Structures are given as structure tokens and as C-alpha cells.
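Right, one structure below, let's go through it.
A note on names: the letters A, B, ... follow the listed sequences, proteins ahead of strands, and every chain is numbered from 1. On a predicted model such as this, the values are computed, not experimentally measured, just so you know. Only heavy atoms go into these numbers, but all of them, side chains included; no hydrogens, no water, no symmetry mates.
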Number of protein chains: 2
Amino acid sequence: MPQTIRISKPTARRLTMYLRVLQSVVETGGMECISSHQLGAAAGVADAQVRKDLASIGGRGQSGVGYRTRELHETMRRAIGLQKSWRAVLVGAGNIGRALLAYPRFHTEGFELVAVFDHAPSVVGKRVAGLAVQPMKAIPATVRRSGAHFGIVAVPPSDAQNVAEILVASGIRGLLNFAPRALQLPAHVASVNVDFTEAFQRLAFETTNQSSRSKRTTGA
Amino acid sequence: MPQTIRISKPTARRLTMYLRVLQSVVETGGMECISSHQLGAAAGVADAQVRKDLASIGGRGQSGVGYRTRELHETMRRAIGLQKSWRAVLVGAGNIGRALLAYPRFHTEGFELVAVFDHAPSVVGKRVAGLAVQPMKAIPATVRRSGAHFGIVAVPPSDAQNVAEILVASGIRGLLNFAPRALQLPAHVASVNVDFTEAFQRLAFETTNQSSRSKRTTGA
DNA sequence: GATTGTGAAGAGCTTCACAGCT
DNA sequence: AGCTGTGAAGCTCTTCACAATC
């Protein structure tokens, strides 16, 4: 088993930003090496911070040169947990669910959609992203059979908690919640909220309070 | 002018969570008063933290009783910057843009969509959310005429920086960025990123590192 | 008895600065 | 000269604890 270093939340968040930068560098066949200064500039982070973050996941650089991009890219994907392929199910085949599926690179990032569920009889049976939409009652059996890791909650707020509980009871380990509502979950289930309303409110706040330091304008 | 207290980023983020709780309490005609403990439980925050946050925006409670819900709701909306109505323009009428418009309460939250732009000639002229889609070249004139405050960037990553610069040059004060790419912006322009890819990566990370403390699983 | 408001302590994160390596 | 790795300082945020209040 590899070293079990503690990666803090702020560090984890920045790692995803570095990854995005590295990904475009690697894809375009750019630089062999990148310095903490360069990486930081692209991600909006101080260079010393970048070095601390990279050190925390075991990334080693070369004095006077920087970090080897391909190698760092791999190390980073492993640290974030993208070395394995995650299976996800989508609950709610409405606008938000479909927008998510249309998102570029959803599949190439190590995530695989294995089932779609919806409440409305008019939608059940139709195909979304190549999958036949199943009725809600099929959730437990399908989740168990497929061994899905994540559940994507893209239903109206009033149904969100209920759907979340069904997913958790079916053995899901993490939830991506699009409903503008905080979910009450057992501690062993991870969850990340994506809430457009909240994003707008943050924008309103930041615009109102012309914040002096312009760092960390980045959200999820 | 009211007191210009500094509200920290973490506090601002929690305020939006409290607001969500309060909103549902007020809407359902629930409790007259709410204690810091109750509000905290619903939002996943410690009670002392809630009191500090509320104190920072001038919310005053009553010992032994709590905070008056309606009053607190108003104070909070004002602190976040929702007392005024913000005008926004959408650039990119694809899946993501449309999903956003379909989001519940988009209009009732103090935000108003005043224009939609798209690059594709096949989309220009069509109606989205009751607005005729305009070509990209119309951005500067329309933004200026409408006095829009925010720009919603819902275009492919390769176009995002370019679109952002056009919006900024047209007088936009804040950007909601859906492209999975960090935007380079002048300091006076606020920006909030909503990145599904990043959300998934955070979920992968949290699921991998079965984090002991389950707080702050909440994202944007 | 329940709950607020807050100073003080504690924990965590970021920045600084510089020795050491290439 | 350029860059990394890191101890130490500085700063911010959170938790604790309790007197004051209703």
C-alpha cells in the first residue's frame, strides 16, 4: 500500500486545477517540464504553494528545471483517484441530467454512465446517452448489479433527499447533487453539490463586495 | 451607507447555505424563530459558527429564543447582494445554457436574463427562454444598451477566454464560467466557475480518501 | 432552561525566505 | 542563474467555553 499522506481539502481543490492545466499541456504535446511558477501562474496560485501541494502527493521536481509534465500528470491523476474507472448512475433525465451527459470529456475522464432513471412514465423506456431510461423502482437492483460507485441526483429539490436515501441504501458510495438543497447523509457517503443558484449568489456577493484580493474566485 | 464589515469567503459561502434553509422555512410558513443550533443542523455547520456568521452581517438574535426567520432572511439577502435585480446575458445556447435557464427559481432569485448569444448561424434568430438568439458580434452593443451586470459563459473551452474578454470589454462586471478552463481576468471582474468535471474529480477524491470528518462536503 | 454573543485558545492554511541542488 | 524543498513566521478560520440575557 502506498503512503497514506493526508491531503487537505484546499490542496485537493488546487490539484484539480493543476490537472486541468497539465492536461492541456500534455494533450497539445507541449513542454517536457513545467516549473512551479509556470504551473501556478496558469492556475492562479503562488509558486511556493504549488511546490507544497506537489510535494504532498509525492511529486518530485528537479532543481533548476521543474517537474516532468507527463510524470506529474500521472501522479496527480492517481492522487485524485482517477486511476480507476468510476461507474455512475443518473437519476433524473431532465435538462440538467442531459446537459451533464453532453459535457465534453465526461467519458474520457475515467467516469462511465451505466444507468439512467426517471420518475415520469413518459420518459421511461426512452434512450438517453445510449441507455434506456429505467423507472425509479429499478434503482436498488440495477445499482447493485452494476456495482455503480456514484449517484447523480438531478431531480427536483423536493425529491432529492428521498432519492439520495434510496441510492445510499442501494450501496452507492458518493453523490453528485444538483438539487439546491443540503442532503442529510451518513458519514461514509461522500457528496459534492453543484448548485447554479448558489453560484449566482456567490457572483452577486463578489460583485457587490469588490473584493480586493482577486484570488480564489474559483468554485466547483 | 451601511457598515462596511468584511465578510470572509467561507462566511459568504455558508450564508448562501443558510439562505437556502431559511428560504424553505419562510416559504412553507414555518417557524417564527430559528436557533443557531437548528439552522446549523440543517446546513451542516456548528452552532457557534452560525452565530459568528450571523453577527458578521448584523443579524441579532434573542437569548433563549433564536433569530426571527423573516427578518433574518431579509438581512441575509441584503448581505449577499440580492436586494437588487441583476441582469445577465448568456453566451452559448447549447445544452448547458439551456439547462441553466430551466433551473427552478432562476428568475425569482433576483436574476434576469436579458440576452442570449450564439456562434452558430443555425441557432441565431431562434428563441431561447423567450429571447431571440443574437450573433456574437452583437455582444458589445447589446450588453451596453441593456446595462447587463453578469455574463454567463457556456461555450466550448477553446472559446471561453475569447468570449470572456469580449464581455469584459463590453462592461460586464462578473462572469459565471461553465467552461472547464481557468479564465485570465482583470482584478475588478468577479468570476465563479461551475465545472462538472471538477465536481466529479472532487467526488472521486473524497470517495477515495474516506475522509474522517464529513463536514464541508458541499461545493458550489 | 434555552440561547445568544464573544474573547481566547486551537487548528489549519499560506506566505516568506533561503539553503541547497543542477 | 534558475528552481526546488522546507522550516518558520504570519495569518485566517474554527472551536471552545462561559458570562449575559430572555
*Parallel, tilted or perpendicular, as decided by the 30° and 60° cut-offs, for the rings of B:Phe150 and B:Trp86*: parallel

_side-chain contact (heavy atoms from CB on, under 4.5 Å) partners of A:Glu74, counting only residues at least two apart_ = A:Arg77, A:Arg78

*asked:* Restricting to side-chain hydrogen bond (donor to acceptor under 3.5 Å, both in side chains), what partner residues turn up for B:Gln62, sequence neighbours left out?
replied: none

*asked:* Please check this pair: side chain of A:Arg68 against backbone of A:Glu32, looking for a donor-acceptor N/O pair closer than 3.5 Å.
replied: no

_With nearest nucleotide decided by heavy atoms, which residue, B:Gly59 or A:Ser63, maps closer to the 5′ end of DNA chain C?_
B:Gly59

_5′-ward residue of the pair A:Asp53/B:Ala48 relative to DNA chain C_ = B:Ala48

*How many angstroms lie between CZ in A:Phe111 and NZ in A:Lys84, if you round to the nearest 0.5 Å?*
11.0 Å

*Could you check which residues of residues 64-71 of chain B get a heavy atom under 4.0 Å from DNA chain C? Sort them by number, please.*
B:Gly64, B:Val65, B:Gly66, B:Tyr67

Could you tabulate the donor-acceptor pairs under 3.5 Å formed by side-chain atoms of residues 159-167 of chain B, not counting sequence neighbours?
unit_1, atom_1, unit_2, atom_2, d
B:Gln161, OE1, B:Gln184, N, 3.0
B:Gln161, NE2, B:Glu165, OE2, 2.7
B:Gln161, NE2, B:Gln184, O, 3.0

*Pairs satisfying salt bridge (charged side-chain N to carboxylate O under 4.0 Å, His left out), at least one member in residues 48-60 of chain B, at least two apart*: B:Arg14-B:Asp53, B:Asp47-B:Arg51

Would you say [X] places a side-chain N or O within less than 4.0 Å of OP1 or OP2 belonging to [N]?
| X | N | result |
| --- | --- | --- |
| A:Arg6 | C:dG12 | no |
| A:Ser8 | C:dG12 | no |
| B:Gln62 | C:dT4 | no |
| B:Arg51 | C:dT4 | yes |
| A:Arg14 | C:dT14 | yes |

*Heavy atoms under 4.0 Å, any strand shown: does B:Thr11 hit a base, just sugar-phosphate, or nothing?*
nothing

Set out, line by line, the N/O atom pairs under 3.5 Å between protein and nucleotides 8-10 of chain C.
unit_1, atom_1, unit_2, atom_2, d
C:dA8, N6, B:Lys52, NZ, 3.3

_Verdict with reasoning, A:Lys9 to B:Glu206, per salt bridge (Lys or Arg N to Asp or Glu O under 4.0 Å)_ = CA-CA 9 Å; A:Lys9 274 271 170 60; B:Glu206 295 197 6; 3.8 Å; yes

